[in-house]
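Presented below is the structure to which this report refers.
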Amino acid sequence: MAVGRLSGQWVWEILRTNYPEGVVRRALLNDFASILVSPKSRGPAKARLAKRLYAKLALLQRRGFILQEDGIIRPLEVAKKISKAEAMPILGPVLRKKLFLAMLAEDRNPQQPNAAHLHATRWDFLAAATETGWTILQASAALGIPKTKAMEILERPPRRPSPSADR
């Protein structure tokens, strides 16, 4: 297997012991990749690991074990009780992919927090989440951004290239 196993308990334990003050999500991904991705692996092994890691982080956040804020993950010593308004519903396959793409865009572009691609992926997730019944507070918590920033993103849909531009 090109990518090793990853469990939520292990991720939380690594966060608590090695990064009690918090860690940038991209650095955490690189640390896990150095351990779990074999040097002989073919294909996008690190991307598969990122997909698994982001899913585990979403699970830990939904259960109140970590906080994600602007790409920084902070472990909590004891799981916090999440209010009903903040509690994230379970991610379906479409929302899981959109959340993954938004987090990946954020991790790939840390110097430009307002880049067009990042804005577009965040808007796609927020729009899809609110369309399926999530509140803006829940969707912004999943992305790890403040509610006000999520509302600003939703107010400005990304520009889509016009079909006539392809001709």
Side-chain angles (χ1 to χ4, degrees), residues 6 8 11-12 15-16 19-30 32 46-166:
L6 195 64
V11 172
W12 187 55
L15 286 169
R16 284 185 343 149
Y19 306 105
E21 299 300 317
V23 63
V24 176
R25 189 175 45 239
R26 181 68 181 185
L28 183 66
L29 174 61
N30 290 337
F32 276 108
K46 191 171 178 182
R48 289 192 307 270
L49 176 65
K51 186 177 179 181
R52 290 178 186 169
L53 179 63
Y54 294 167
K56 294 300 177 189
L57 291 173
L59 174 95
L60 288 171
Q61 183 177 359
R62 189 172 57 244
R63 292 185 178 169
F65 287 100
I66 64 168
L67 290 175
Q68 293 189 63
E69 299 166 337
D70 292 324
I72 299 173
I73 302 163
R74 291 188 173 79
L76 302 173
E77 201 55 44
V78 179
K80 84 170 193 176
K81 182 75 174 162
I82 298 174
S83 70
K84 200 168 194 170
E86 283 182 313
M88 285 185 349
I90 295 175
L91 292 165
V94 172
L95 285 180
R96 188 178 309 125
K97 181 175 182 177
K98 289 182 183 288
L99 180 61
F100 169 72
L101 292 174
M103 288 182 169
L104 198 61
E106 183 179 330
D107 288 349
R108 285 185 175 168
N109 222 356
Q111 291 81 18
Q112 297 176 338
N114 296 323
H117 180 66
L118 176 60
H119 176 78
T121 57
R122 282 180 171 174
W123 186 89
D124 283 343
F125 173 76
L126 290 168
T130 54
E131 188 177 285
T132 58
W134 288 38
T135 64
I136 293 177
L137 182 60
Q138 291 169 330
S140 66
L143 281 175
I145 58 175
K147 182 181 176 183
T148 55
K149 188 169 187 172
M151 290 171 48
E152 288 173 13
I153 291 170
L154 282 173
E155 288 173 359
R156 292 184 342 198
R159 286 194 215 163
R160 306 281 185 198
S162 64
S164 61
D166 293 339

Handout entry: Residue pair L101, D124: steps toward the side chain to side chain contact (heavy atoms under 4.5 Å, CB included) verdict
Key = CA-CA 9 Å; L101 292 174; D124 283 343; over 6 Å; no

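Separation of atoms CE (M103) and CD (E106) is listed at 7.5 Å; rounding is to 0.5 Å. In this structure, CG on L49 lies 9.5 Å from CG on N30, to the nearest 0.5 angstrom. Taking CG of L15 as the start and CG of L57 as the end, the distance is 7.0 Å to the nearest 0.5 Å. One finds the CH2 atom of W12 at 8.5 Å from the CG atom of L60 (value rounded to the nearest 0.5 Å). Here the CZ atom belonging to R52 is positioned 9.5 Å from the NZ atom belonging to K56, to the nearest 0.5 angstrom. One finds the CG atom of L76 at 10.0 Å from the CD atom of Q61 (value rounded to the nearest 0.5 Å).
Not a single donor-acceptor pair under 3.5 Å links the side chain of E69 to the backbone N or O of R74. Side-chain N or O atoms of Q68 include none that pairs as donor or acceptor with a backbone N or O of G144 at under 3.5 Å.
Smallest separation of non-hydrogen atoms from R122 and I153: CD-CD1, 3.8 Å. Minimum heavy-atom separation, A127 to T130: O-OG1, 3.1 Å. In plain terms, the two heavy atoms of P146 and S140 that are nearest each other are O-CB, 4.0 Å. Here the shortest heavy-atom pairing between A129 and A139 reads CB-CB, 4.0 Å. The two residues F100 and A47 have their closest heavy-atom pair at CZ-O, 4.0 Å. Counting all heavy atoms, side chain and backbone alike, A102 lies closest to L143 at CB-CD2, 3.7 Å.
Contact of the T121 side chain with the L104 side chain is not registered, since no non-hydrogen atoms from C-beta on lie closer than 4.5 Å. Counting heavy atoms from C-beta on, the side chains of L95 and T132 come closer than 4.5 Å. Side-chain contact between I136 and L126 is absent, with no heavy atoms from C-beta onward closer than 4.5 Å. For the pair Y54/L29, a side-chain contact is recorded, criterion being any heavy-atom separation below 4.5 Å from C-beta on. Using a 4.5 Å heavy-atom cutoff, the side chains of Q138 and P89 are in contact. Considering only heavy atoms from C-beta on, R62 comes within 4.5 Å of I90 through its side chain.
Between F125 and W134, the ring planes lie perpendicular to each other; the angle is over 60°, past the 30° to 60° tilted range.
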